[in-house]
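Naming: A, B, ... by sequence-line order, numbering from 1 per chain. Since the model is a prediction, treat every value here as computed from it, not as a measurement.
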Amino acid sequence: MTEDAPRPETPEDDSSPLESSPLTRDRLAKYRRVMDAGGFPYSFRRTDTASDLIERFPDLEPGASSGETVTVAGRLMNTREMGKLIFAVVSDLSGKIQLFVDKRTLGDEAFDAFRDLDAGDWIGATGEVIVTKRGELSVRISAFELLQKSLRPLPDKWHGLKDVEQRSRRRYLDLLANEDARTVALTRAKIVSELRRQFEDRGYVEVETPVLLAQATGATAKPFETRHSALDMDMYLRIATELYLKRLVVGGIERVFEIGRIFRNEGIDATHNPEFTMLESYEAFADFNDIMTLVEEVVVACAVVATGGSEITYDGRGVNLAGPYKRATMLELTRGAVGEDVDYDTPVHELRALVLRHGIEPEDHWGSGKLIDALFDALVEETLWEPIFVTEHPIETSPLARRHRDKPHVTERFELFIAGAEYANAFSELNDPFDQQARFEDQAAASAAGDEEAHPIDEDYIRALEYGLPPTGGLGIGVDRLVMLLTDKHHIREVILFPTMRRQKRDDS
RNA sequence: GGGCCUGUAGCUCCAAUGGCAGAGCAGCGGACUUUUAAUCCGAAGCGUGUGGGUUCGAGUCCCACCGGGCCCA
């Protein structure tokens with residue numbers, strides 16, 4: 001802002017919904033009084049947060065005064081009035097601290113002004129640190145300042161805000177009313193920070209690859225479509241970062257990662273949001289075995305910052321995240337579940353019959369790999385509780401993964417499953433341009449045969465491979481899912497601050 | 001896309017069979033100098049997501065629409 005914009009008028013007529021509601025009318029009147037008297041402050045200096053005080057004064061006896069004066073600031077959450085005495089709770093990001101407001105210390109005029117405050121107001125207050133007779137660390141205030149008025153009433157002080165829709169749509173209310181919501185948001189930040197540190201410490205370089213693309217490649221998903229006006233061109237939001245990150249390895253960035261938003265134009269449910277966060281990493285000269293070790297270390301490190309240890313509770317059950325994790329091939333797990341000695345050589349018609357018997361409707365273009373994958377999906381996934389690396393996915397369903405060095409039909413790939421859900425997907429990267437070309441062509445054929453999940457061909461990516469991708473181990477981690485696991489949340493909207501929601505009709509109340 | 005459930009005061013929730021729409025908290029007025037969801041006294045506040053319909057009478061039954069939830073595809 002370089003110009004003086006005209007100051008917007010506080011609404012003064014009865015058409016304002018704040019004016020017409022008895023719940024907000026008084027607050028609005030107080031707001032105007034402050035504005036008429038010169039307005040609210042532009043800044044405020046505090047000396048301590050709530051948790052600072054708790055750390056600094058651990059040993060004060062009930063009834064004691066510290067002799068130290070501090071200044072705190074936060075949102076006024078609750079007041080308990082006792083005649084010439086008020087106990088007030090102020091909440092800041094670090095926690096809560098009680099203000100001890102007595103008329104003798106504060107003076108008659110300021111005391112009455114304090115009584116005029118409303119729950120939700122932002123205030124700053126200065127006073128001596130004391131402990132009340134009942135043992136509550138408090139600030140006996142000698143002065144306070146209203147930093148900004150809250151014009152609307154707070155959610156229930158005891159029950160908080162429970163309505164799932166409101167909690168998601170108006171996350172600010174969720175955060176200010178529900179301590180758990182703040183904890184989850186902060187824990188997510190810690191986890192993302194730890195992920196970044198883990199990869200940086202291993203010499204990985206963080207990059208940003210394009211979100212807006214002429215072609216959405218690198219995964220099987222329906223993309224969001226948009227349009228670039230100046231280029232007069234249809235564009236797509238990325239569905240993965242994979243092919244761009246591997247181009248960077250071709251370019252010589254041997255260890256590279258990105259933590260980025262991915263967009264998939266698909267349904268919304270407990271584990272899917274149209275935009276979500278994925279970490280992808282690629283490491284030259286590593287194979288999928290190396291990446292397993294990396295994943296074990298990274299998962300434990302995240303668990304430690306989130307929960308303090310590697311033994312966590314999810315959905316009421318214990319999970320031990322300490323490695324090394326069990327390993328089993330997709331084929332052997334599927335065999336165990338169906339109780340038959342299936343293989344990738346098993347005739348397709350037999351596998352189709354087996355799949356049908358388990359209530360899955362196979363599509364015409366499915367080969368043995370996809371059929372076994374479908375059986376695994378339906379029968380095995382949700383039974384996997386303790387961490388396990390499921391390995392050796394079929395070539396058919398892994399068009400970007402390198403063929404297994406010893407076994408036909410399968411790739412050097414693994415997925416990490418914990419508590420019935422997938423958290424990581426990794427492989428020795430396919431770096432043979434001819435094989436990659438053939439895989440893309442298979443995908444194109446599948447697409448022509450009606451497979452809506454087939455990968456599109458990325459010609460330039462083939463060209464990049466022709467310049468040489470070194471042997472590389474790649475990894476994808478679903479960050480939202482990982483946060484869910486480590487915060488014991490069972491819906492993705494609980495770990496995404498502003499989950500995608502249907503447009504709500506305008507609500508002026 | 002299909003099925004089931006759901007929307008009542010600012011928030012959290014009650015309201016048999018259709019029969020005068022309620023409570024707690026918050027807010028408002030009052031008492032109280034050590035409270036912790038403070039307590040006590042008092043007076044208020046919603047016509048039930050929206051629009052239709054059935055009925056003497058609809059929060060409750062029916063239809064459509066707008067949101068939300070769960071399950072399935």
[X] vs [N]: side-chain N/O to OP1/OP2 distance below 4.0 Å:
X	N	result
A:H491	B:G69	no
A:R493	B:G68	no
A:R169	B:G68	yes
A:R502	B:G68	yes

Count the heavy atoms of every other residue, nucleotide or ligand shown that sit under 6.0 Å from CD of A:E179, and state whether that count exceeds 12.
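No, not enclosed.
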Toward the 5' end of RNA chain B, which comes first, A:W158 or A:V164, by nearest nucleotide?
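Looking at the nearest nucleotide for each, A:W158 comes out on the 5' side.
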Between A:V89 and A:D118, just flag the one whose closest nucleotide in RNA chain B comes earlier from the 5' side.
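Of the two residues, A:D118 wins.
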Rounding to an integer number of Å, can you tell me how far [X] [atom1] sits from [N] [atom2]?
X	N	atom1	atom2	result
A:F100	B:U36	CZ	P	14 Å
A:D26	B:A44	CG	P	18 Å
A:L99	B:U36	CG	C1'	14 Å
A:K103	B:C32	NZ	P	9 Å
A:M82	B:A38	CE	P	12 Å
A:H272	B:C71	NE2	P	13 Å
A:E494	B:G69	CD	P	11 Å
A:I86	B:U34	CD1	C1'	13 Å

Which atom names give the shortest non-hydrogen contact between A:D48 and A:V72, and what distance separates them?
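Nearest heavy atoms, A:D48 then A:V72: O-CG1, 3.5 Å.
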Contact summary for A:R27 and A:R152, nearest pair of heavy atoms:
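Taking A:R27 first and A:R152 second, the nearest heavy atoms are NH1-O, 3.3 Å.
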What does the B/S/- profile of nucleotides 1-12 of chain B look like, 5' to 3', with a 4.0 Å heavy-atom cutoff to protein?
---------BBS
For B:A16, does the O4'-C1'-N9-C4 (purine) or O4'-C1'-N1-C2 (pyrimidine) torsion place it in syn, i.e. within 90° of 0, or in anti?
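Syn conformation for B:A16.
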Select one nucleotide: of [options], the one nearest the side-chain heavy atoms of [X].
X	options	value
A:K30	B:C28, B:U34, B:G68	B:C28
A:N78	B:A37, B:C28, B:U33	B:A37
A:R80	B:U33, B:G67, B:U36	B:U36

Counting the atoms with a prime plus P, OP1 and OP2 as sugar-phosphate, which does A:Q98 contact under 4.0 Å by heavy atoms, base, sugar-phosphate, or nothing?
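The residue A:Q98 makes base contact.
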Salt-bridge present (A:E128, A:R140; N to O < 4.0 Å):
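Here A:E128 pairs with A:R140 in a salt bridge, since their nearest N and O are under 4.0 Å apart.
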Taking the [atom1] atom of each, how far is [N] from [M], in whole Å?
N	M	atom1	value
B:U60	B:G7	P	10 Å
B:A21	B:G2	P	37 Å
B:A73	B:A15	C1'	38 Å
B:C61	B:C14	P	16 Å
B:A26	B:A37	C1'	12 Å
B:U50	B:C66	C1'	7 Å
B:A64	B:G42	C1'	46 Å
B:A58	B:U39	P	40 Å

With A:F417 as reference, evaluate A:W385, A:Y423, A:F389, A:F376 under the ring-ring contact (aromatic ring centres under 6.0 Å, His included) test and give the passing residue.
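For A:F417, the ring-ring contact (aromatic ring centres under 6.0 Å, His included) test succeeds with only one of A:W385, A:Y423, A:F389, A:F376, which is A:F376.
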Given the side-chain rings of A:F40 and A:Y31, with only the six-membered ring counted for Trp, is the space between their centroids under 6.0 Å?
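Yes, they do, as the ring centres are separated by less than 6.0 Å.
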Are A:F87 and A:F100 close enough that their ring centers fall under 6.0 Å?
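Yes: the rings meet the under 6.0 Å criterion.
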So, applying side chain to side chain contact (heavy atoms under 4.5 Å, CB included) with A:D234, which one of A:E225, A:Q215, A:R227 is it?
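In the set A:E225, A:Q215, A:R227, the residue that makes a side chain to side chain contact (heavy atoms under 4.5 Å, CB included) with A:D234 is A:R227.
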Any idea how A:Y314 and A:H490 line up, ring-wise: parallel (<30°), tilted (30 to 60°), or perpendicular (>60°)?
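Ring orientation of A:Y314 relative to A:H490: tilted.
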